[in-house]
Amino acid sequence: MRVDIVTIFPEFFGVLDVSLLGRARREQLLELHVHDLREHTHDRHRTVDDTPYGGGAGMVMRPEPWGEAFDALLGEGESDAVVVFPTPAGVPFTQSLARELAEESRLIFACGRYEGIDARVAEHVATRARVIEVSLGDYVLNGGEVAAMAMIEAIGRLVPGVVGNPASLVEESHEDGLLEHPSYTKPAVWRGLEVPEVLRGGNHGAIAAWRREQALERTRRVRPDLLPADGADA
Ligand code: JF5
């Protein structure tokens, strides 16, 4: 998978050199390219923003540098890339969207700052590629960079070969629609706290049932919105 990121803070993305994604990059499972939006400005101050039409506080990102950046990335004609605009006004980012995007051959993340990017940019890019505006959650960040990074990590680890043990991908939170059951390792007693007895026996049926009950209880308690309203799964 190839991932391009357009940002005014390319140095933010240095963290993608470390850990699992860093190794995936070195092994060429992920090809990551970070681009400085200011390379597509032509004035002395490399201006990327201006005041909003209609008034209001804050600044809006000007369309011209974005237009040039996308011309350079998309080339002529229609592109097979999916262009992601991280924004609190987007569709929610979920494990299911991560799974879908992990199948793509090329993703482009457009990281906005200030009050966002002139709306014509997404409209124009949508004539040349699939565009999605995606929200990491219902809170406001200073820019799309941290949201893009979270999405790239969630998507990147689903690309075959990036995570060493693929079974660990299906056993975790959200893959079955429930939160994760608690996990324990040795020692069996630590500071007076015991690992639940059932996990120390070899009854795999009992262990699976206990884990499912724990996952259900936790989901009911902290994320009831994830369960069907009729309680059919509870
Ligand atoms: C941003 C306009 C981008 O705040 C966010 C965000 C929150 N969830 N997902 C993304 O991105 C920064 C702010 C305003 C565009």
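Both counts, for ligands and for their atoms, begin at 1 and track the order of listing. If you're wondering where the values come from, they're calculated on a predicted model, not measured in any experiment. Index from 1, following the sequence.
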A student checking ligand 1 against Gly144 at a 4.0 Å heavy-atom cut-off should list atoms 11 (O), 12 (C)

Does an N or O anywhere in Val140 fall below 3.5 Å from an N or O of ligand 1?
-> no

*Under 3.5 Å, is there a donor-acceptor pair between the side chain of Thr41 and the main chain of Asp43?*
no

With side chains defined as the heavy atoms from C-beta onward, is the minimum distance between Arg113 and Glu145 less than 4.5 Å? yes

In this structure, atom 9 (N) of ligand 1 is nearest to the protein heavy atom Leu136 N, 2.8 Å

Any carboxylate oxygen within less than 4.0 angstrom of a Lys/Arg side-chain nitrogen, looking at Arg220 and Glu213?
yes

Atom 2 (C) of ligand 1 has as its nearest protein heavy atom Gly116 CA, 3.6 Å

heavy-atom search around atom 3 (C) of ligand 1 in the protein gives Pro86 O, 3.4 Å

Donor-acceptor check, side chain of Arg99 to backbone of Thr94, threshold 3.5 angstrom: yes or no?
no

*Determine, for Arg38 against Asp36, whether the closest basic-nitrogen to carboxylate-oxygen distance falls under 4.0 angstrom.*
no

Closest to atom 7 (C) of ligand 1 among protein heavy atoms sits Tyr139 O, 3.2 Å

message: I'd like to know if the side chain of Ser135 and the backbone of Gly137 have a donor-acceptor N/O pair within less than 3.5 Å.
response: yes

Quick note on ligand 1: atoms under 4.0 Å from a heavy atom of Ser135 include exactly 8 (N), 9 (N)

Atom 13 (C) of ligand 1 sits nearest the protein heavy atom Pro88 CD, 3.7 Å

Donor-acceptor pair, Thr219 side chain versus Leu179 backbone, under 3.5 Å? yes

of all protein heavy atoms, closest to atom 4 (O) of ligand 1 is Leu141 N, 2.8 Å

Note: ligand 1 atoms sitting under 4.0 Å from heavy atoms of Gly137 are 7 (C), 8 (N)

**Prompt:** Less than 4.0 Å between a side-chain N and a carboxylate O, is that true for Arg106 and Asp80?
**Reply:** no

Here the atoms of ligand 1 under 4.0 Å from any heavy atom belonging to Gly143 are 11 (O), 12 (C)

